[in-house]
Amino acid sequence: MTKKLYYENPYIQTFSARVIKQDQDYVVLSETAFYPTGGGQPHDTGTLNGIDVTNVETVDREIRHYLAQSLPENTEVVEGNIDWERRLDHMQQHAGQHILSAAFESLFGFQTISFHLGKESATIDLDTTAVTPEQLRETEKFANQIILENRSIDTIWVTLEELAQYKLRKATTLKEDIRLVIIPDFDYNACGGTHPKETGQVRLIKILQIEKQKRQIRVEFICGERVLTHLHRKQEVLFNLISILNAPEEKLVDAAKTVLENGKSSEKQIANLKDSLIHYEAKELLSNAEKHVVTATFQSRSIQELQKLAKTVVGGSPETICILVSENEHKLQIVAAKGDIVERSMKELVTNVLPYINGKGGGNEKMAQGGGENTLSSERLIEKALFYIR
Ligand SMILES: [Zn+2]
């Protein structure tokens with residue numbers, strides 16, 4: 001079995017070991033400082049004799065180091081190098097989780113039922129259906145106090161009998177090789193992960209947000225260097241907004257609200273203007289009507305606009321038929337509408353001309369519309385429609 005250096009001293013960054021098994025994809029070593037994925041903590045990365053270690057897993061009680069390329073055959077000894085930035089980050093998030101979970105439990109009795117350490121942030125799921133903003137603030141404050149006091153984080157191995165002396169935060173199902181991670185007078189926990197020696201090395205805990213799950217609350221948080229990275233990103237967004245909205249930080253929200261409100265009122269004004277424009281347009285089209293038929297062609301007008309215009313035209317003249325066509329990016333759209341006293345089916349009219357443009361459409365007796373390809377000009381399409389009427 002491989003000697004677990006990361007348990008003897010979690011600060012070991014380099015080591016040498018004998019190769020005791022060499023497979024095509026992985027190697028097993030006499031001892032290792034590489035932490036394998038487990039207990040919510042992702043595996044370490046780094047190098048063995050300069051070759052990248054891409055994954056570390058425990059399979060059949062073997063710690064397997066997966067490599068980017070194979071070691072030369074019959075390699076006897078390797079020099080291991082841990083990616084320390086990644087490991088320290090994991091230790092900070094993991095110990096931070098112990099502290100945060102213990103704080104929630106000691107203040108409010110919320111038990112942690114799972115932990116996930118992600119690339120950007122970590123989460124715990126609390127066995128409760130509600131947490132108030134005040135409870136979050138209080139817990140965060142308490143957890144950061146524990147960090148500030150720089151309490152020791154001890155790890156000990158105990159037997160099942162010895163385990164009875166400790167009041168664990170969460171019962172363990174382990175029967176042997178039980179490893180306890182202890183922050184004296186605060187947190188007693190069975191855990192196989194790596195942790196710093198003192199709480200101070202976690203540096204800071206910040207709760208980012210909570211998310212309501214079915215029967216629990218998910219709390220997202222960050223610790224250590226991640227807090228700085230996060231703050232830096234937030235600052236950048238903030239500075240950009242300050243410059244874009246031309247307002248100081250404390251007035252940003254009001255400035256954003258004003259911009260949105262102005263946008264909405266402009267949209268309303270544009271809609272009103274468009275409405276009155278359509279009335280003028282309809283009047284002009286009617287004045288050019290021939291034998292109670294109005295026709296017109298356009299570029300790039302939406303079918304909704306055409307419908308509105310046609311409806312306005314026939315609304316003001318019950319004996320009129322209105323046929324409008326618009327060309328939009330190689331497509332033709334046609335709308336036909338009739339006044340109340342015209343005895344014609346607009347659906348039939350449109351259905352009759354659509355085959356010329358390989359089109360599809362729909363509608364009813366009073367108004368119908370359709371669209372297809374620009375296989376002929378807008379004017380020719382109107383001629384086809386007129387031919388059908390007459
Ligand atoms: Zn742990």
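Both ligands and their constituent atoms are indexed starting at 1 by order of listing. Position 1 is the first residue of the sequence, and the numbers go up from there.
The main-chain N or O of C191 is found under 3.5 Å from a side-chain atom of R179 such that the two form a donor-acceptor pair.
The aromatic rings of F110 and F104 are tilted relative to each other, their planes meeting at an angle between 30° and 60°.
Atoms of the protein (N, O or S only) found under 2.8 Å from the Zn ion (ligand 1) are H94 NE2, H98 NE2, C191 SG, H195 NE2.
Hydrophobic cluster membership of L228, counting Ile, Leu, Val, Met, Phe, Trp and Tyr whose side-chain heavy atoms lie under 4.5 Å apart directly or via other members: none, as it forms a cluster of its own. Other residues sharing a hydrophobic cluster with V253 under the 4.5 Å side-chain heavy-atom criterion for ILVMFWY residues do not exist; the residue is a singleton.
E76 and R18 are not joined by a salt bridge, as no carboxylate oxygen comes within less than 4.0 angstrom of a charged side-chain nitrogen.
Under the side chain to side chain donor-acceptor pair (under 3.5 Å) criterion, T320 pairs with S317, sequence neighbours left out.
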